[in-house]
Structures are given as structure tokens and as C-alpha cells.
Amino acid sequence: MGEPMLGTAPIASEWLLVEHPGPWERDAVESLPDAVRPKVRLWMGAGNRRVQLIRQPSRRPSGEGHLVAHADLTTGMLTGRRVASLERLTVPTDGEPLPHMVLVCVHGRRDRCCAEHGRAVADVLVAAMPDAVWETTHLGGHRFAATAALLPSGRVLGRLRPETVTATITSALAGQPTSHDRGQAGLAERDQVVAVAGAAVRGRELLRPASCGTEPVHVTPWIPDFDSAPGAD
């Protein structure tokens, strides 16, 4: 349908990431142990927060325990530590700094498109950057599958495809604009759009996908000329 993706990133500014091998329920929190769910939901309800279950395709389960990480998109901090058992999970308030993470949604119980497109994209990325890539539960916007989020920057992308995803993610990690940007997580939808519009240059074309599987569309953004607008000071 060619629906624009800009302004569709999650608005949560704090993310709790819990390493969980699966299977994942449709509601990710329901996959956690009974004793843990109430305190996780309490944490979620106390602020602009979300929970993501994660697993690393390049890493087989071992005795190292489960990574529990906390991303604060306001400060750009990503920290975490390992717990021996998910039964002992606590919402992290501290931890060691972590390198950037690339989360790819493969949550088939939420939407099968995420499983189909997400897993194909994750497989390619694992070969290129195995330590950074994590499969994750629903990121929102499954109609834009495959979707990915970069932490701690909070940048969210969609309509990713195996043949171009490595170049796209590499550019995004370097802070460059891409035709797959959905917005900056942690900001309200309108602010996500304004942030991109504010970086636009008059007369320069932008690139966005028309729809899944089609060629990108060149778009010349409309940027108001505030200096000549009626009533401008």
C-alpha cells in the first residue's frame, strides 16, 4: 500500500531486555516465570517503558546465565549483567556498559511476517556482525517487517530485506540516513517526523521504499520558507 513508515517507532524511552531462549508467547511478558511477571509489569507501568525478550542466534545456551540489559534512550546508556536464572530476574538499575545491539524482530506468534522476513534478515546480519545481532520479540509495526532497532541510539528501521540489510544497518550504525528509517524511539510520533524534517535540505531528494518488495521512491520534501511566510518576524 506504500504506507509511509516515518513516525512509527516505539515511543518508549526505557527498554528492558531479557535474554530468553523461547518459545515466546504473543505477549512477551507472559513468557517469563510466574514470580517475575508482576514486578516486570509494575516496572512497565511506572514510566514510558517496554520489555523485549532477546536471544542471540550466534550463541548457544550455556551456563553463563541470562543477559538482562537496560537501555535508556534519553541518556544513550546501555548497561547489563547476567543472572543465573530468570527466576532471579530484577529490573536492572546498574550494570556494566554494553556495546551496541541490533535487535531484529522474529516474533512469529505476534505476526508470521516477522518470523518470515525477520529470520531471513537476522541470518544475513549474523554472518556480518555476529556479536551485535539479537533476535527479539515484537517491535511494533509488523506490517513493515522485517523491522529492527538499534540500541542505545533508539533508531528503528523497517522493510528490511536480506540482499540490502547489511549495508543498511552499517549505514544506520554510522549515523547516516537510510530509506528504511521509521524514526527515533523514545520520541512522540510527531517529534520523530519533525526530527527528520529538520534535517532535510531544501531541494534535495529523499529516498523511501514505496512498499515491500518494490523500488524506492524519490521524494522532494516540502520545507516551509519561514522567512517569507505571512506574519513572520
Side-chain angles (χ1 to χ4, degrees), residues 4-15 17 52 54 56-59 67 69-80 96-106 117-136 139-141 144-187 189 191-210 212 215-221 223:
M5 294 191 294
L6 191 57
T8 65
I11 63 173
S13 57
E14 284 189 75
W15 294 36
L17 314 172
Q52 298 290 142
I54 59 174
Q56 199 162 32
S58 62
R59 176 179 174 272
L67 177 67
H70 176 248
D72 186 332
L73 307 188
T74 302
T75 62
M77 295 293 293
L78 177 61
T79 57
E96 297 296 323
L98 297 176
H100 67 257
M101 302 172 73
V102 180
L103 308 185
V104 180
C105 179
V106 297
H117 294 302
R119 192 165 304 284
V121 159
D123 288 345
V124 171
L125 285 176
V126 165
M129 47 188 79
D131 294 335
V133 178
W134 296 77
E135 297 177 340
T136 191
L139 286 171
F144 302 128
T147 62
L150 312 184
L151 296 178
S153 71
R155 194 165 174 182
V156 180
L157 303 102
R159 293 182 178 139
L160 298 168
R161 291 295 178 267
E163 57 272 17
T164 57
V165 68
T166 301
T168 298
I169 296 298
T170 299
S171 294
L173 289 172
Q176 301 171 3
T178 80
S179 60
H180 296 269
D181 284 306
R182 290 178 53 191
Q184 179 75 28
L187 298 179
E189 292 92 339
D191 293 335
Q192 295 177 31
V193 177
V194 169
V196 173
V201 177
R202 189 182 305 278
R204 179 179 296 176
E205 288 189 330
L206 300 178
L207 201 63
R208 71 165 177 83
C212 293
E215 291 298 316
V217 175
H218 291 271
V219 179
T220 302
I223 306 173

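All figures in this text were calculated on a predicted structure; none of them were measured in a lab. Position 1 is the first residue of the sequence; numbering continues from there.
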Stepwise side-chain contact (heavy atoms from CB on, under 4.5 Å) check, Ile11 with Glu189: CA-CA 7 Å; Ile11 63 173; Glu189 292 92 339; 4.0 Å; yes
Rounding to 0.5 Å, atoms NE2 (His100) and CG (Leu173) come to a distance of 4.5 Å
Check whether any side-chain N or O of Glu135 sits under 3.5 Å from a backbone N or O of Ala122 as a donor-acceptor pair, and report yes or no. no
Any idea which heavy atoms bring Leu98 and Ala69 closest together, and the distance? CD1-CB, 3.7 Å
How about CD on Glu163, more than 12 heavy atoms from neighbouring residues, nucleotides or ligands closer than 6.0 Å, or not? yes
Look up atom CD in Glu14 and atom OG1 in Thr75, then write down how far apart they are to the nearest 0.5 Å. 8.5 Å
Are the side chains of Trp134 and Leu17 in touch, meaning some heavy atoms are under 4.5 Å apart? no
Mark yes or no for whether Arg182, through its side chain, and Thr8, through its backbone, hold a donor-acceptor pair below 3.5 Å. yes
Identify all side-chain donor-acceptor contacts of residues 144-157 below 3.5 Å with residues at least two apart in sequence or on another chain.
from: Ser153; atom 1: OG; to: Leu150; atom 2: O; distance (Å): 3.3
from: Ser153; atom 1: OG; to: Arg155; atom 2: N; distance (Å): 3.3
from: Arg155; atom 1: NE; to: Asp181; atom 2: OD1; distance (Å): 2.8
from: Arg155; atom 1: NH1; to: Ala172; atom 2: O; distance (Å): 3.0
from: Arg155; atom 1: NH1; to: Gln176; atom 2: O; distance (Å): 3.0
from: Arg155; atom 1: NH2; to: Gln176; atom 2: O; distance (Å): 2.3
from: Arg155; atom 1: NH2; to: Asp181; atom 2: OD1; distance (Å): 3.2
from: Arg155; atom 1: NH2; to: Asp181; atom 2: OD2; distance (Å): 3.0

Ile169 side chain reached by Met129 side chain, heavy atoms, under 4.5 Å: yes
Non-hydrogen atoms of Leu78 and Ala71 that approach each other most closely: CD1-CB, 3.8 Å
With side-chain contact (heavy atoms from CB on, under 4.5 Å) as the criterion, how do Thr136 and Val106 come out once you've worked through the C-alpha distance, each side chain's angles and the decisive distance to 0.1 Å? CA-CA 6 Å; Thr136 191; Val106 297; over 6 Å; no
Do the non-hydrogen side-chain atoms of Gln184 and Leu73 ever get within less than 4.5 Å of each other? no
Do Asp72 and His70 touch side chain to side chain, with heavy atoms closer than 4.5 Å? yes
